[in-house]
Trainee: 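I have a structure I would like to understand better, so I am pasting it below and will then ask my questions one at a time.
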Amino acid sequence: MTEPLIVGAMVRTLGAYPSGWRYPGAHRTPQTDAEILRLVAREGEDAGLDYLFFGDWLATGPDLEFRDPYLLARIDPVSAVLFLAGVTSRIGLIATVNTTYADPYATARSLASLDVLTGGRAGINLVTGAEPRAAGNHGRDAHADNESRYDRAEEFVAALRGLWDSWSEDAWIADAERGVLIDPDGLRATDLDGRQVRVTGPLNVARPPQGRIPIVHAGTSPRSRALAATEADLALIAAPQRDDAVATRHALREIAERCGREPETLKVIAPVLPVVADTDADAHRIVERLLALVPLADDAHAGRTAFPANRSVDALADALGVDADDPLRAAAFDSAVSADEAHRLGAAGDALIERVARIAGLRVGGRSGGAGDGILRWRHLVAAHAVPAAFVVGDASTIADHFEAWRDAGAADGFNVLSAFQPAQFQAFTRLAAPELRRRGLLGRGDGVETSTLRDRLTGLRPVTRHDAP
Ligand SMILES: Cc1cc2nc3c(=O)[nH]c(=O)nc-3n(C[C@H](O)[C@H](O)[C@H](O)COP(=O)(O)O)c2cc1C
């Protein structure tokens, strides 16, 4: 029997789709609310998810309001996982750390502490950062280039591994009678003297229960792939189509094998944004609403700071290569897209229209009777093009079909589940889709195990330390 997929929640409490916070009933002020974190954590744990994942971004600014509003203000990831350590007991907790700006000793220390406090449920997602403003927040003149960032990331990983290996398994003797607390030979210096990372060690936190805390990496460049393939337990990929994911997973595992690693030990995780409801039609209506709520370049947003340039019919027409003098460029957002206009959008337009039909059940043509009538309007097309997402839309069985098809095609070893808005869409996933995934054997790596480490869940392996190895 094939083993279940790895399924985690990528937690964005303001909702992962940029208009999600506007959806009726959605949480609009999670940036000051501890309760929503608690609720998502407990819900995810009860549903049998393998981990909660917290991304990071080291700057903010008004431009994020329309692009990625969930980045504007949120609890930092290490604080979030430490908070959730106290309110969960089984689920893995993965925090993102930016290797360009973080200090390796402090990072090794806080993650080892999390691992001790949770009995081995810690994970760390290492990113090198794509936000230039982070430089100014950390006293640097400029964001380092890709090569330099990944040079540092590689040394950063070596530092973490060395520091986590500081204490051998049996170094803490605690023999009160003899008055011997530790075996000094079991406490090793790290002595890493790299070009960008220098750390002596040893670490002043006990050996983490997992020995090697699972490492996650997300990136797209060749250096990023090399880092993921050689060092990561989980590689997060951005794959819009199943074929892309198959190719990326294959490429990553090939690099892993060339580096002398067992390729199966590298698990590849794809993002998914399931919109779940009792029926496919209900789920389509949710997406129709989400698209309709994406702010567009109309009067309501005139003069707003850094409003995205791609939110007009004219911008869409440019992107699709429509003639400069085509009258469709003047279409009102709320008018229906006619069959003749759809034809003039060309092959790229066809693909976009097909995607909107798939996610929102909207069709070209017909007589429009007002919002919610299933008619494709310019508003939907502009929004779907400007704000793409890894939507999978439908009832529990439609969602499970997607997970199953990707697994069977070799596209992914698991999924990071995003929720368009909170908490209702996360709950729809955990309460409607998760039971169906479990029924099909697609979810439940931790089933029947009362206490297991995150590493056990991900790989079933627990490596010995460098020092303990024969
Ligand atoms: C699925 C996925 C999740 C990511 N999450 C984060 C994140 O939380 N924080 C961050 O700074 N960058 C994140 N990134 C961005 C990467 O760290 C990386 O900087 C970006 O993809 C550019 O690729 P490169 O670093 O390989 O050049 C993510 C990337 C992917 C593909």
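All values below come from the heavy atoms of this structure, side chains included, with hydrogens, waters and symmetry mates left out. In this chain, numbering begins with 1 at the start of the sequence shown. Start at 1 and go down the list; that is how both ligands and their atoms are numbered.
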Trainee: Which protein heavy atom lies closest to atom 22 (C) of ligand 1, and at what distance to 0.1 Å?
Mentor: T220 OG1, 3.7 Å

Trainee: Starting from atom 25 (O) of ligand 1, locate the nearest protein heavy atom and write down its residue, its atom name and how far away it is, to 0.1 Å.
Mentor: Y150 OH, 2.7 Å

Trainee: Which of the atoms in ligand 1, numbered in the order shown and given with their element, are less than 4.0 Å from a heavy-atom of S224?
Mentor: 26 (O)

Trainee: Under 3.5 Å between some N or O of ligand 1 and some N or O of S221?
Mentor: yes

Trainee: Could you identify the single nearest non-hydrogen protein atom to atom 8 (O) of ligand 1 and state the distance to 0.1 Å?
Mentor: D56 N, 3.0 Å

Trainee: Looking at non-hydrogen atoms alone, which of V127, T128, D145 comes nearest to atom 14 (N) of ligand 1?
Mentor: V127

Trainee: Between R207 and D115, is there a side-chain N and carboxylate O pair less than 4.0 Å apart?
Mentor: no

Trainee: For atom 17 (O) of ligand 1, grab the closest protein heavy atom and report residue, atom and distance to one decimal in Å.
Mentor: A218 O, 3.2 Å

Trainee: Which atom pairs, donor and acceptor, lie under 3.5 Å between side-chain atoms of residues 233-243 and protein residues at least two apart or in another chain?
Mentor:
residue, atom, partner, partner atom, Å
D233, OD1, R455, NH1, 3.1
D233, OD2, I215, N, 2.8
D233, OD2, R455, NH2, 3.2

Trainee: Which bit of N146 gets closer than 4.0 Å to ligand 1, counting heavy atoms only: side chain, backbone, both or neither?
Mentor: side chain

Trainee: For I94, run the side-chain contact (heavy atoms from CB on, under 4.5 Å) check against I124, V81, L52, L454 and tell me which one passes.
Mentor: L454

Trainee: Examine the side chains of S113 and R109 and answer whether a donor and an acceptor come within less than 3.5 Å of each other.
Mentor: no

Trainee: Does any part of the side chain of I286, heavy atoms only, come nearer than 4.5 Å to the side chain of Y23, both counted from C-beta?
Mentor: yes

Trainee: State whether the side chain of T100 and the backbone N or O of G129 hold a donor-acceptor pair below 3.5 Å, judged by distance alone.
Mentor: no

Trainee: With a 4.0 Å cut-off on heavy atoms, does G129 reach ligand 1?
Mentor: yes

Trainee: Ignoring angles and geometry beyond distance, decide whether N125 reaches within less than 3.5 Å of ligand 1 through its nitrogen or oxygen atoms.
Mentor: no

Trainee: Which protein non-hydrogen atom lies closest to atom 1 (C) of ligand 1, naming both residue and atom, and how far is it?
Mentor: L236 CB, 3.9 Å

Trainee: Quick test of your reading of the model: are R195 and E155 salt-bridged, counting only N-O distances below 4.0 Å?
Mentor: no

Trainee: G55 heavy atoms, cut-off 4.0 Å: which ligand 1 atoms fall inside?
Mentor: 8 (O)

Trainee: Can you name the residues that form a salt bridge (Lys or Arg N to Asp or Glu O under 4.0 Å) with E436, not counting sequence neighbours?
Mentor: R439, R440

Trainee: At what distance is the nearest protein heavy atom to atom 31 (C) of ligand 1, and which residue and atom is it?
Mentor: A238 CB, 3.8 Å

Trainee: Could you report the tightest heavy-atom contact between I91 and G44, atom names first, then the distance?
Mentor: CD1-C, 3.7 Å

Trainee: Please state which part of E131 comes within less than 4.0 Å of ligand 1, counting heavy atoms only: side chain, backbone, both or neither.
Mentor: neither

